[in-house]
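Inspection log for the structure reproduced underneath, given as structure tokens.
Keep in mind that this is a model prediction, so the values were computed, not measured.
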Amino acid sequence: MPVANVKGLSETTHAKLKEAIVQLESFLNEYAVPQLANGDTSEGAALFYKGLLADLRHLLVYSETVYEKIGIVLRRPNFDTEAAERSLYEAYHQAVAAFFYPKNECYSEDGRYAYTGQDAIRFRFVPTRPAREIVLSVSKVYEELRDELAYYENDYMTQRRMQGQK
């Protein structure tokens, strides 16, 4: 991939991760399980919100880690394309994957809705408005990142392996 494309993609990925990080930090600093459960004392609600908050915390950590790595690459006086591509690969396989494949599976993406203009995210339990809004809000960021970083799903590693065989 040409250096200009990698640098531009690194800059947009960095900006989008920052957007998601700000939203996630704000939500996680403001809400806890009792506030989200909003009086629902059922065990299912508590487990759902504990799992959702755990998944969002993991997502935040992965996103911050990759954000920092990309930031370091962008601040260097000489742009290191190889380091940038490695960081973009990690962005796809850590941050994007953490969003679309959450450990606790409190939500999932239903691809049948992706092209209808409806939200493709389906929740395992009906969440309160703030919980629903944060997931749907950051889903737009991670969907864009997934589309932009699709090359790093398989092609990047295939290219690296082929270079190693030469």
Check: In Å and rounded to the nearest 0.5 Å, what is the CD to CG distance from E148 to L88?
Finding: 10.0 Å
Note to self: Distance check, rounded to the nearest 0.5 Å: F48 atom CZ versus Y107 atom OH?
What the structure shows: 10.0 Å
Check: Tell me, do L9 and Y152 make a side-chain contact under 4.5 Å, heavy atoms counted?
Finding: yes
Next item on the list: May I ask you to decide if V22's main-chain N or O and S26's side chain share a donor-acceptor pair within less than 3.5 Å?
Entry: no
Margin query: As an exercise, state the distance from CD of E144 to OG of S139, rounded to the nearest 0.5 Å.
Written below: 9.5 Å
Next item on the list: Measure the acute angle between the ring planes of H14 and Y67, then classify it against the limits of 30° and 60° as parallel, tilted or perpendicular.
Entry: parallel
Note to self: I'd like to check R75 versus I72 (side-chain heavy atoms, cut-off strictly below 4.5 Å). Are they in contact?
What the structure shows: yes
Next item on the list: Tell me, please, which residues at least two apart from R57 pass side chain to side chain contact (heavy atoms under 4.5 Å, CB included).
Entry: L28, L53, A54
Next item on the list: State, yes or no, whether a side-chain contact exists between F123 and V135 at a heavy-atom distance under 4.5 Å.
Entry: yes
Next item on the list: Could you check if a side-chain atom of P34 sits within less than 4.5 angstrom of a side-chain atom of Y49, using non-hydrogen atoms only?
Entry: no
Note to self: A quick test of your reading: do over 12 heavy atoms of other residues, nucleotides or ligands sit less than 6.0 Å from CD of E11?
What the structure shows: yes
Next item on the list: Measure the shortest side-chain to side-chain distance between Q35 and E30 over non-hydrogen atoms and say whether it is less than 4.5 angstrom.
Entry: no
Next item on the list: Rounded to the nearest 0.5 Å, what's the gap from CD1 on I121 to CG on L136? Could you check?
Entry: 7.0 Å
Item checked: Gap separating the OH atom of Y142 from the CG atom of L59, nearest 0.5 angstrom -> 3.5 Å
Notebook entry, point to check: Less than 4.5 Å apart, any side-chain heavy atom of P130 and any of F27?
Noted result: yes
Next item on the list: Show your reasoning for whether side chain to side chain contact (heavy atoms under 4.5 Å, CB included) applies to R146 and Y92.
Entry: CA-CA 7 Å; R146 180 177 60 185; Y92 186 89; 3.9 Å; yes
Note to self: Go through it in stages, so that I can follow the logic: the residues are L74 and I70, the test is side chain to side chain contact (heavy atoms under 4.5 Å, CB included), and I'd like the CA-CA distance, side-chain angles, deciding distance and then a yes or no.
What the structure shows: CA-CA 6 Å; L74 290 172; I70 294 172; 3.8 Å; yes
